[in-house]
There are 2 protein chains.
Amino acid sequence: MPSRVRASDELRQAALEQFATVGFAASSLQQIADHAGYSKSSVLYHYASKEALLEAAIGPAIDLLETLLGDFVAGGRTGAARATFIESFVDFLLGNRLAVHTFVNQGQSLRGLPVIERANTAIRGLADSICDDDAPLAEQMRFGVALAGATYTLVAGATFLDDEQKVADGDVREALISVLSELLLTADSRPTR
Amino acid sequence: MPSRVRASDELRQAALEQFATVGFAASSLQQIADHAGYSKSSVLYHYASKEALLEAAIGPAIDLLETLLGDFVAGGRTGAARATFIESFVDFLLGNRLAVHTFVNQGQSLRGLPVIERANTAIRGLADSICDDDAPLAEQMRFGVALAGATYTLVAGATFLDDEQKVADGDVREALISVLSELLLTADSRPTR
DNA sequence: GTCTATACTGTGATAGAC
DNA sequence: GTCTATCACAGTATAGAC
């Protein structure tokens with residue numbers, strides 16, 4: 001193994017995989033250390049606590065999410081802006097599956113942690129931006145279903161499809177963008193029912 | 001307090017609320033006992049183990065889900081069947097928020113438990129039924145996004161909207177059915193892109 | 001920088017008094 | 001049926017050798 005790979009990076013990656021698969025609360029420092037090939041104490045040398053390890057593991061992805069959602073909220077409400085947002089969002093999901101998986105599945109029980117709160121604030125900002133104007137409830141739901149559906153379809157996909165039909169990421173990307181575009185791009189002109 | 005309410009029911013309800021809010025792993029028998037006004041040992045008298053408590057808490061909802069999905073898979077692929085399925089599914093979500101919340105947020109880390117596996121089997125059966133025929137990937141995604149989106153929108157709604165704008169359940173029901181119908185009812189005639 | 005050894009806390013679960 | 005007392009164990013975290 002090349003000495004280029006640093007222990008802290010290996011530990012961070014092992015932790016991310018553990019958090020995503022068995023959950024944060026159920027992950028022990030011992031398991032993480034074992035998976036990375038280090039001792040439990042080495043983990044606590046590189047990261048002051050289990051929470052610090054979570055911060056390091058999913059923090060970067062949360063950073064991306066913040067800028068992604070922030071840009072969309074700040075930007076115009078034009079159809080073109082929506083289109084690029086959809087693409088960015090899908091790419092974000094595909095490029096940060098483990099972190100998204102962790103946040104989606106464990107976020108509720110991790111309220112109060114700085115990383116989690118940052119993500120929640122960003123998401124709430126998006127929700128407010130969608131709901132503030134007098135948009136009909138169905139429109140708000142369409143947005144929620146689209147983003148939550150895309151997110152959780154990938155998360156559930158990781159859960160169910162892992163062993164079997166391994167679809168190519170490129171096809172998934174295209175199909176997801178297609179469905180989200182259907183839902184969101186022509187939303188203004190849709191009937192309420 | 002009327003002696004009509006049984007201790008086991010109170011404990012089951014308290015456990016469900018704990019599991020849904022702080023998660024299964026993070027919930028302690030002590031907390032559950034405190035919330036219900038009993039001692040930790042009383043919990044273990046009524047339920048042999050923490051897992052048995054989970055079974056009792058979300059089992060009934062999983063039963064409903066099994067029949068719901070089973071009926072749809074067994075039934076025809078007609079538009080009318082889809083319409084009634086959408087309505088039943090939304091009603092199921094609205095009527096079992098805490099159980100759904102628990103399964104969605106904790107299910108991944110609880111693999112192997114009988115209740116969880118029953119639900120996973122039912123969901124996989126639905127997924128197979130949708131994917132078995134040569135449906136295009138976008139159509140499969142549309143189904144996934146619709147059901148996962150509806151599910152997680154309500155779950156996230158419980159997370160974010162609890163304190164503020166308390167939308168009436170009736171309106172949510174109508175809006176959700178509307179969005180799901182848009183996505184699923186005319187799916188056969190949609191273009192791939 | 002990585003390890004061993006250990007302290008301390010809280011957990012799920014059991015036994016037995018009432 | 002509910003309680004107190006106790007168990008064995010796993011968890012995070014600390015101290016210090018090398």
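Numbered from 1 within each chain, the chains take letters A, B, ... in sequence-line order.
Side-chain contact annotation: B/Gln13 with B/Asp9, donor-acceptor N/O pair under 3.5 Å absent.
Proximity of a side-chain donor or acceptor of A/Glu117 to a complementary backbone N or O of A/Gly112 within less than 3.5 Å is detected. A donor-acceptor pair under 3.5 Å is absent between the side-chain atoms of B/Ser129 and the main chain of B/Gly125, judged by distance alone.
Contacts between residues 34-48 of chain A and DNA chain C, defined by a heavy-atom separation below 4.0 Å, involve A/Tyr38, A/Ser39, A/Ser41, A/Ser42, A/Tyr45, A/His46, listed by number. Within residues 12-30 of chain B, no residue approaches DNA chain D, by heavy-atom distance under 4.0 Å.
Evaluation of the ring-ring contact (aromatic ring centres under 6.0 Å, His included) test over residues 20-60 of chain A, restricted to residues two or more places apart or in two chains, returns A/Phe19-A/Phe24.
If you measure from atom CD1 of A/Ile32 to atom C1' of D/dT12, you get 12 Å, rounded to the nearest angstrom. Following rounding to the nearest Å, A/Leu11 (CG) and C/dT2 (C1') show an atom-to-atom distance of 11 Å. One can place CG of A/Leu53 at 15 Å from P of D/dG11, the figure rounded to the nearest angstrom.
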Full working for side-chain contact (heavy atoms from CB on, under 4.5 Å) between B/Phe85 and B/Leu147: CA-CA 11 Å; B/Phe85 169 70; B/Leu147 299 190; 4.2 Å; yes

B/Ser181 vs B/Ile177, side-chain contact (heavy atoms from CB on, under 4.5 Å): CA-CA, chis, key distance, verdict: CA-CA 6 Å; B/Ser181 298; B/Ile177 291 178; 3.9 Å; yes

Derivation of the side-chain contact (heavy atoms from CB on, under 4.5 Å) call for A/Tyr152 and B/Val155: CA-CA 11 Å; A/Tyr152 203 70; B/Val155 168; over 6 Å; no

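A salt bridge links A/Glu55 with A/Arg118: the closest approach of a Lys/Arg side-chain nitrogen to an acidic carboxylate oxygen falls below 4.0 angstrom.
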